[in-house]
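Because only heavy atoms are used, hydrogens play no part in the values below, and waters and symmetry mates are left out as well, while side chains stay in.
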Amino acid sequence: MAIAPRHLFTALLALFVALFLAVSATQGAERASAAQRTGLSVARKLSHPNRCAKSVPARRARTMSLPQRRRLIRRRSRGCAATQSTSPGAPLYWGATIGEQLTGEQAPWDMSAVSKFEGLAGKGVSLVNFFGPFANCASKCSFYKFPTEPMESIRQHGSIPVYSWSSQSIPSSLNEPDFQLSDVIAGNFDSYIREFAEDARDWGHPFFLRFDWEMNGNWFPWSEGVNGNQSGEFVAAWRHVHDIFTSVGASNVTWVWCPNVDPGNKLPNSLASDYPGDEYVDWTGLDGYNWGPAKGGWTSFSHLYDSTYHAIADSIAPSKPLLIGEMGSTEKGGSKASWISEALAEIPTAFPKIRAMLWFDTFDDGMDWPIETSSSATSAFAAGIQAPAYQSNSYANLPAGGPIAPPT
């Protein structure tokens, strides 16, 4: 059929309009894609920790009061809220092991060290960790009693004590033949453990007991495979000690089973075989450090923790909350400030079972763990810990009776 000239013109005009609209749409999409890429680039730059938390010299921070420090952090953090995650994550307790570098004496033996640390962080701590072995055998063995006074000092500060208690003597050694796991199992320390448990019960307030931590390694005398300890003895010793506490009614104790991270699955002892069982554990835990060049190179928080976290949270103890007993990063080999910022952002959002965290704020093993080793690290920690997930010190009257529940 022949097409009339008028109809041919109309058809050609329609075709031209369609082609024009198609070209315009393609160019618009390209412009939108370019704008999106530019926006992503800008967002990455804005999310750098040094953009959100400008450096405050640690020396200056130590001279400021806690309210002054908090106001300064809020001022320097303005304008960054839009770049942060809109999900605050699950609330969690947080705190530190605080060494003698701040005041000349470690916390909680000097509670002003806690106040100094809080001044740097710009927020009150809800946890304070400290350590104690069974005995001091430098000359004649002397056994340590339950630390009622420092426990009470922590509680009155509004924080929850975390006591890391080890079945060893000091000076510590891998060869302690009188402090083998078999000695615990055989009841050689029963009278001491019972008195300790009774004193804990009589104090009466809730605290975390992190007993014989990092048992999956081979650097402490309570691990299987060292100090004459045999397979299966760690669980037996743990249960024996736990049973004594139960027998005297020390229900204010929350038991924390705390292995070391093992991202390469290289540690000698199996997590599953070292787990005492749900009825003997209230919280699980993990310790892990970014050692930088000192051990294997710079390692992110997520790489350090991810595989071991999931082994515990998904398989070994999926019903238990998890406490980070020790964490830290060196300055050597990378940006400590960035490591801190990323870790504090990821903990409440990417690791939901983690409901408590302790920074290892002390110099140890020749390493620079404290947050105050640089002004950028201090500022990054202070900015990150302001996230609402991290709970401050409002737990002086935490009720006793039963394990400590995660914060709500």
Charged N-O contact under 4.0 Å between Lys295 and Asp365: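 No, Lys295 and Asp365 are not salt-bridged.
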Ion pair check, Glu326 and Arg210, cut-off under 4.0 Å: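 Yes, Glu326 and Arg210 are salt-bridged.
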Candidate pair Met327 and Leu286, rule side chain to side chain contact (heavy atoms under 4.5 Å, CB included), full reasoning: CA-CA 9 Å; Met327 64 176 287; Leu286 275 177; over 6 Å; no
Considering non-hydrogen atoms only, spot the tightest contact between [X] and [Y] and give its length.
X      : Y      : value
Asp278 : Ala317 : OD1-CB, 4.2 Å
Leu102 : Glu372 : CD2-OE2, 3.3 Å
Ala272 : Ile316 : N-CD1, 3.9 Å
Asp361 : Ala96  : CB-CB, 4.4 Å

Side chain to side chain, Asp287 and Phe360, heavy atoms closer than 4.5 Å: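 Sidechains of Phe360 and Asp287: no contact.
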Check: Trp291 and Met367 side chains under 4.5 Å, non-hydrogen atoms: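 A side-chain contact exists here, since the closest heavy-atom pair is under 4.5 Å.
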Are [X] and [Y] an aromatic pair by the rule of ring centers under 6.0 Å?
X      : Y      : answer
Tyr280 : Trp257 : no
Phe211 : Phe245 : no
Trp165 : Tyr144 : no
Phe189 : Phe179 : yes
Tyr305 : Phe351 : no
Tyr163 : Phe208 : no

Exceeds 12 heavy-atom contacts within 6.0 angstrom, atom CD of Glu149: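 Atom CD in Glu149 is not packed in, count stays at 12 or less.
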Over 12 foreign heavy atoms within 6.0 Å of CG, Asp314: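 Yes, because the 6.0 Å sphere around CG of Asp314 holds more than 12 heavy atoms from other groups.
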Taking [Y]'s backbone N and O only, do any of them form a donor-acceptor pair with [X]'s side chain (distance below 3.5 Å, no angle check)?
X      : Y      : result
Arg155 : Pro161 : no
Asn260 : Gly217 : no
Gln386 : Ala121 : yes
Lys116 : Thr103 : no
Trp298 : Asn290 : no
Glu224 : Gly232 : yes
Tyr309 : Lys353 : yes
Asn227 : Glu176 : yes
Asn393 : His157 : yes
Gln230 : Gly228 : yes

Ring pair (Phe, Tyr, Trp, His ring centres under 6.0 Å) partner of Phe196, the single match among Phe143, Phe146, Phe134, Trp203: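 When Phe143, Phe146, Phe134, Trp203 are each tested with Phe196, the ring pair (Phe, Tyr, Trp, His ring centres under 6.0 Å) holds only for Phe146.
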Result of checking Trp255, Tyr275, Trp213 against Trp238 for ring pair (Phe, Tyr, Trp, His ring centres under 6.0 Å):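 Of all the options given, the one that passes is Trp255.
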Side-chain H-bond candidate by donor/acceptor type, [X] with [Y], under 3.5 Å:
X      : Y      : value
Asn129 : Ser164 : yes
Thr373 : Lys336 : yes
Gln168 : Asp212 : no
Asp282 : Thr254 : no
Ser112 : Asp110 : yes

Test applied, side-chain contact (heavy atoms from CB on, under 4.5 Å); reference residue, Leu398; option that passes from Ser126, Pro206, Ser159: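 Among Ser126, Pro206, Ser159, the one meeting side-chain contact (heavy atoms from CB on, under 4.5 Å) with Leu398 is Pro206.
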Point-to-point distance, once rounded to the nearest 0.5 Å, from CD1 of Ile385 to CH2 of Trp359: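 CH2 of Trp359 is found 9.5 Å from CD1 of Ile385.
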Nearest-0.5 Å distance that lies between atom CD1 in Ile324 and atom CG in Leu358: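 Between Ile324 CD1 and Leu358 CG, I get 9.0 Å after rounding to 0.5 Å.
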For Arg355, all residues meeting salt bridge (Lys or Arg N to Asp or Glu O under 4.0 Å), sequence neighbours excluded: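 Per chain and number, Arg355 pairs via salt bridge (Lys or Arg N to Asp or Glu O under 4.0 Å) with no residue.
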